[in-house]
Amino acid sequence: MEKTWRWFGPNDKITLDMLRQIGVEGIVTSLHHIANGEVWSLDEVMKMKNFIESHGLRWSVVESLPVSESIKYGGPDRDELIGKYKESLANLGKAGVKTICYNFMPVLDWARTDLDYPNPDGTSNLYFNRAEFAYFDIYILKRPGAIDDYDETTLRRLEEIKASITPEGEHRLVENIIVKTQGFVNGNISEDDSAPVETFRKLLSLYEGIDRDTLRANMKYFLEAIMPVCDEYGIDMCVHPDDPPLQILGLPRIVTCDEDIQWFLDAVPDSHNGLTFCAGSLSGGAHNDVVALADKYADRTHFVHARICNVLPNGDFKESTHLDSRLIDIIRIFEKRRPGVPMRVDHAPLMLGDEKMGYNAGYSFHGRMLALGMVSGIMATINNE
């Protein structure tokens, strides 16, 4: 596999020169300065491509070319936005950048309740506390009917949180769930938003009446519209699984499990319609056998996210070590069956001063460098077997 790294552009504190020194081969990035829904001109694409190549690296994957909310819920400007998306795809194809990671998650790209959950060794990781998420949903967001979406165990834990949480604790949940994990990835809410909860409520309201079948139909409509451009330029689209792979906040989620993946691949049976195999996202659901999924869908996987999660008995989950045996098995599958496929490590721990650097949540330097070293060793071992 090609060893790649998610890089957030020229303003990223982690420089391309640093990445060359630690063995990175390809860059995963986006044109973050262009507003969601606007065209990526060929000139802007070439500026980024040339900048990356001037540092001895290549632009391997676009993550992401954002799919506007109106495309997802089927708004009146959907066709106009798809037209702009196709134009951006064509410009990427002309520049030779041909792997596009995207998602079809309504409103929320990914969700965690704790961005620095302490580990016994002094490092920290991302964590999803189901009861804290329920508190946000029921008592901060105040979504009608939210309480009916949680099991009795979670609701009992929720009452303990309700009895002890402080205003600072509520603020932390808002920041972690809808601000810090979203804004740096062309999200709907920025860190400058003065009323993020109200903004979030308005975004949720766009999906009133949109169920799984409707969202599926909208995804198929989008994919069928862009596939001719992908076929013309040899562009691989690879959807990112929903993170977490659960139904949350009353929103439909349609890339959560084996049945979902099989559905979208069958719905648009073009080889350029494929999957980003994010082992971490899929393993956040206890219903998923991630090794079996990797084996089943290796041939339609165009991009790999190497990380893994442990689901706890109470439904919480946390990021696990990159030496987890499941991840080793997954790397073996892709290393043998998909040589050259781009792979990046993901959601590594904060360590050795990472926590002081202001890195984007989940994207530390030292933690990811350690993870890349681990995965590189796994790859070398597999290739020598």
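In this text the structure is predicted, and so the values were computed from the model without any measurement. Throughout, residue positions are numbered sequentially from 1 according to the sequence presented.
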- Message: Set out, in order, the CA-CA distance, both residues' side-chain angles and the distance that settles side-chain contact (heavy atoms from CB on, under 4.5 Å) for Asp243 and Asp109, then state yes or no.
- Response: CA-CA 7 Å; Asp243 187 3; Asp109 279 351; over 6 Å; no
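- The shortest distance between side-chain heavy atoms of Asp258 and Tyr297 falls below 4.5 Å.
- Put simply, the side chain of Ile226 reaches to within 4.5 Å of the side chain of Leu89, judged on heavy atoms.
- If you look at Phe334 and Phe277, their ring centroids are closer than 6.0 Å.
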- Message: For a side-chain contact (heavy atoms from CB on, under 4.5 Å) check, start with the C-alpha distance between Val45 and Trp59, then their side-chain angles and the critical distance, and finish with the verdict.
- Response: CA-CA 10 Å; Val45 170; Trp59 189 358; 4.0 Å; yes
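- Side-chain atoms of His322 come within 3.5 Å of backbone N or O of Ala306 as a donor-acceptor pair.
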- Task: Walk me through it: do Asp121 and Thr123 pass the test side chain to side chain donor-acceptor pair (under 3.5 Å)?
- Result: CA-CA 6 Å; Asp121 62 2; Thr123 65; 2.6 Å; yes
- Task: Apply salt bridge (Lys or Arg N to Asp or Glu O under 4.0 Å) to the pair Glu53 and Lys49, showing each step before the final yes or no.
- Result: CA-CA 6 Å; Glu53 291 178 351; Lys49 183 172 185 283; 2.9 Å; yes
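- A salt bridge links Arg332 to Asp329: one of the charged nitrogens lies within less than 4.0 Å of a carboxylate oxygen.
- The residues Glu319 and Arg112 are annotated as salt-bridged, a charged nitrogen and a carboxylate oxygen being separated by less than 4.0 angstrom.
- Taking 4.5 Å as the limit, some side-chain heavy atom of His33 sits within range of a side-chain heavy atom of Leu31.
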- Query: Is there a side chain to side chain donor-acceptor pair (under 3.5 Å) between Arg326 and Asn310 once you walk through the steps?
  - Reply: CA-CA 10 Å; Arg326 293 166 298 164; Asn310 285 328; 2.8 Å; yes
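- Between Thr99 and Val28 there is no side-chain heavy-atom pair separated by less than 4.5 Å.
- Val291 and Met343 fall within a single hydrophobic cluster, where Ile, Leu, Val, Met, Phe, Trp and Tyr are joined by side-chain heavy atoms under 4.5 Å apart, directly or via other members.
- Checking Asn176 against Thr113 by side-chain atom types alone, no donor-acceptor pair falls below 3.5 Å.
- For Lys220, the NZ atom is loosely surrounded, since the number of other residues' heavy atoms within 6.0 Å does not exceed 12.
- By the criterion of side-chain heavy atoms lying less than 4.5 angstrom apart, applied directly or through intervening Ile, Leu, Val, Met, Phe, Trp or Tyr residues, Phe317 is grouped together with Tyr150 in one hydrophobic cluster.
- Looking at Asn273, its side chain never comes within 3.5 Å of a backbone N or O of Met227 through a donor-acceptor pair.
- Side-chain atoms of Glu69 do not come within 3.5 Å of backbone N or O of Leu203 as any donor-acceptor pair.
- The backbone N or O of Gly367 sits less than 3.5 Å from a side-chain atom of Asp354, completing a donor-acceptor pair.
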- Query: Does the side chain to side chain donor-acceptor pair (under 3.5 Å) test come out yes or no for Tyr139 and Glu170, once each step is laid out?
  - Reply: CA-CA 9 Å; Tyr139 293 114; Glu170 290 194 349; over 6 Å; no
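- For Thr29 (side chain) and Trp7 (main-chain N/O), a donor-acceptor pair under 3.5 Å exists by modelled atom type.
- Although no hydrogens or angles enter the test, the distance criterion places a donor-acceptor pair under 3.5 Å between the side chain of Thr15 and the main chain of Met18.
- Note that CG of Asp266 is 11.5 Å distant from CD1 of Ile261, once rounded to the nearest 0.5 Å.
- Two residues are said to be in side-chain contact when any heavy atoms from C-beta on lie closer than 4.5 Å; Leu92 and Lys98 fail this criterion.
- Two residues are said to be in side-chain contact when any heavy atoms from C-beta on lie closer than 4.5 Å; Phe133 and Thr154 fail this criterion.
- Remark: Glu80 does not engage Lys86 in a salt bridge, criterion side-chain N to carboxylate O under 4.0 Å.
- Salt bridge status for Arg157 with Asp316: present, with a side-chain N to carboxylate O gap under 4.0 Å.
- Interatomic distance, Asp114 CG to Leu126 CG, rounded to the nearest 0.5 Å: 8.5 Å.
- Formation of a donor-acceptor pair under 3.5 Å by the Lys318 side chain with backbone atoms of Asn125 is not found in this model.
- Remark: the backbone N or O of Thr256 is paired with a side-chain donor or acceptor of Asn288 at under 3.5 angstrom.
- No option in Arg307, Glu63, Lys3 other than Glu63 meets the side chain to side chain contact (heavy atoms under 4.5 Å, CB included) test with Arg344.
- The six-membered or imidazole ring of His305 lies near that of His240, with a centre-to-centre distance under 6.0 Å.
- More than 12 heavy atoms of other shown residues, nucleotides or ligands fall within 6.0 angstrom of atom CD in Glu259.
- Under the 4.5 Å side-chain contact rule for hydrophobic residues, Phe303 and Leu265 do not share a cluster.
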- Message: For a side chain to side chain donor-acceptor pair (under 3.5 Å) check, start with the C-alpha distance between Thr321 and Asp324, then their side-chain angles and the critical distance, and finish with the verdict.
- Response: CA-CA 6 Å; Thr321 172; Asp324 187 293; over 6 Å; no
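- In this pair, His347 and Tyr363 present their aromatic rings perpendicular. The plane angle is above 60°, beyond the 30 to 60° band.
- For Arg20, the CZ atom is loosely surrounded, since the number of other residues' heavy atoms within 6.0 Å does not exceed 12.
- Residues Phe51 and Leu16 meet the side-chain proximity criterion, which asks for heavy atoms closer than 4.5 Å.
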- side-chain contact (heavy atoms from CB on, under 4.5 Å) assessment of Met374 paired with Val345: CA-CA 10 Å; Met374 290 175 172; Val345 296; over 6 Å; no
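- Remark: the backbone N or O of Trp40 is paired with a side-chain donor or acceptor of Ser88 at under 3.5 angstrom.
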- Item | Step-by-step side-chain contact (heavy atoms from CB on, under 4.5 Å) determination, Ser30 to Ser64 | CA-CA 6 Å; Ser30 179; Ser64 62; 5.5 Å; no
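- Taking the ring centroids of Phe104 and Phe264, they lie at or beyond the 6.0 Å cut-off.
- Salt-bridge check for Asp260 with Arg253: failed, with every basic side-chain N at 4.0 Å or more from each acidic carboxylate O.
- Trp110 and Leu350 fall into different hydrophobic clusters, where Ile, Leu, Val, Met, Phe, Trp and Tyr are joined by side-chain heavy atoms under 4.5 Å apart, directly or via other members.
- Residues Arg368 and Arg6 meet the side-chain proximity criterion, which asks for heavy atoms closer than 4.5 Å.
- Ile308 and Leu312 fall into different hydrophobic clusters, where Ile, Leu, Val, Met, Phe, Trp and Tyr are joined by side-chain heavy atoms under 4.5 Å apart, directly or via other members.
- Using a cut-off of 4.0 Å between Lys/Arg side-chain N and Asp/Glu carboxylate O, Glu132 and Arg172 are scored as salt-bridged.
- Without hydrogens or angle criteria, Glu224 side chain to Val268 main chain gives no donor-acceptor distance under 3.5 Å.
- Residues Glu87 and Lys84 are not paired through a salt bridge, judged by the lack of any N-O separation under 4.0 Å between the basic side chain and the carboxylate.
- For the side chain to side chain contact (heavy atoms under 4.5 Å, CB included) with Leu19, the lone residue among Asp12, Thr4, Val24 that qualifies is Val24.
- Within 6.0 Å of atom NZ in Lys142, 12 or fewer heavy atoms from other residues, nucleotides or ligands are found, so the atom counts as exposed in its surroundings.
- Under the 4.0 Å criterion applied to side-chain N and carboxylate O atoms, Arg337 and Asp299 are assigned as salt-bridge partners.
- With salt bridges taken as basic N to acidic carboxylate O contacts below 4.0 Å, one links Asp137 and Arg143.
- Put simply, OH on Tyr85 and CD1 on Ile100 are 7.0 Å apart, with the number rounded to the nearest 0.5 Å.
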